[in-house]
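Worksheet: one structure, shown below.
Remember, predicted model here, so these are calculated numbers, not experimental data. One-based numbering along the sequence shown.
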Amino acid sequence: MTKTGSNDDRKSGSNAMLEKKSEVLAELLLLPSIVGIAFPTSMNQVRSWVDEARGLEKIGSPKVTNKRKSPWNTDVLRRIDDQLRALRAKAKLATRSARSKPPLASQLKSAKNELDSAKYLVGRLLSQVQQLLNEVHELRRQADSSEESRMRASETARVLGKEVVKLGAKPVRRIK
């Protein structure tokens, strides 16, 4: 990413680039095998990851991948962290099975670890969905409240207008 533009422009640009990198990581997770595919394994590698074919650019500031120093990126960074963890587990499993078949007990343990990782990821995603649903409900409640206030104000204006006419004054033009 270039160092030109305002801080807000750079912040939104780096956030957009992190979103794009997260999408690419998600695509890698969907592949049946990732043997031989280069991918970042740490946040620092994600920051410096460049792939012109996919439109990925290096992000200049290391603060962008630090959750404490970039609170606006927290959701994206958590998602990327989960994706990196899953990719590392998938790569470890793939290289282990490529070398030799582990005993059934080891395969079972590995499958349990992968299941636990998937449950953790699903739990995080469900929590994010619940948070978004709560926000939607709150916005709907606010919109309903605003509509009710507007209707009360309109009714009050109508009643006051009738009273003004009763008193013999000229009616005031109605504002919409």
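- Taking the charged nitrogens against the carboxylate oxygens, R141 and E138 do have a contact shorter than 4.0 Å, which makes a salt bridge.
- Here the CD atom belonging to Q131 is positioned 13.0 Å from the CG atom belonging to L126, to the nearest 0.5 angstrom.
- Remark: R152 CZ to S149 OG distance equals 4.5 Å, nearest 0.5 Å.
- Judged as a salt bridge (charged side-chain N to carboxylate O under 4.0 Å, His left out), not a single pair has a partner in residues 23-50 (not counting sequence neighbours).
- Considering CZ of R88 and OG of S117, their distance stands at 10.0 Å, rounded to 0.5 Å.
- Smallest separation of non-hydrogen atoms from M43 and D81: CE-N, 3.8 Å.
- Counting only residues at least two apart or on different chains, the salt bridge (charged side-chain N to carboxylate O under 4.0 Å, His left out) pairs with a member in residues 104-132 are D82-R124.
- Residue L56 is grouped with residue L29 when hydrophobic side chains (ILVMFWY) are merged at heavy-atom distances under 4.5 angstrom, including chains of intermediate members.
- Between L30 and K90 the shortest heavy-atom distance is C-NZ, 4.4 Å.
- Hydrophobic clustering places V24 together with L84 (ILVMFWY residues linked when any side-chain heavy atoms are closer than 4.5 Å, directly or through intermediates).
- Scored by the side chain to side chain contact (heavy atoms under 4.5 Å, CB included) test, V76 finds N15, L18, E19, R79, I80 as partners (sequence neighbours excluded).
- Using a 4.0 Å cut-off between charged nitrogen and carboxylate oxygen, E155 and R158 count as a salt-bridge pair.
- Smallest separation of non-hydrogen atoms from W49 and R54: CZ2-NH1, 4.4 Å.
- Of all non-hydrogen atoms in M17 and E57, the two that sit nearest each other are SD-N, 3.4 Å.
- More than 12 heavy-atom neighbours from other residues, nucleotides or ligands sit within 6.0 angstrom of CD on E135.
- Between atom CG of residue N44 and atom CD1 of residue I59 there is a gap of 11.0 Å, rounded to the nearest 0.5 Å.
- Under a hydrophobic-cluster definition in which Ile, Leu, Val, Met, Phe, Trp and Tyr are linked whenever side-chain heavy atoms come within less than 4.5 Å, directly or via other members, L28 and L125 are assigned to different clusters.
- Atom CD of E163 and atom CG of L167 lie 7.0 Å apart (nearest 0.5 Å).
- R85 has its side chain within reach of Y120: a pair of non-hydrogen atoms, C-beta onward, lies under 4.5 Å apart.
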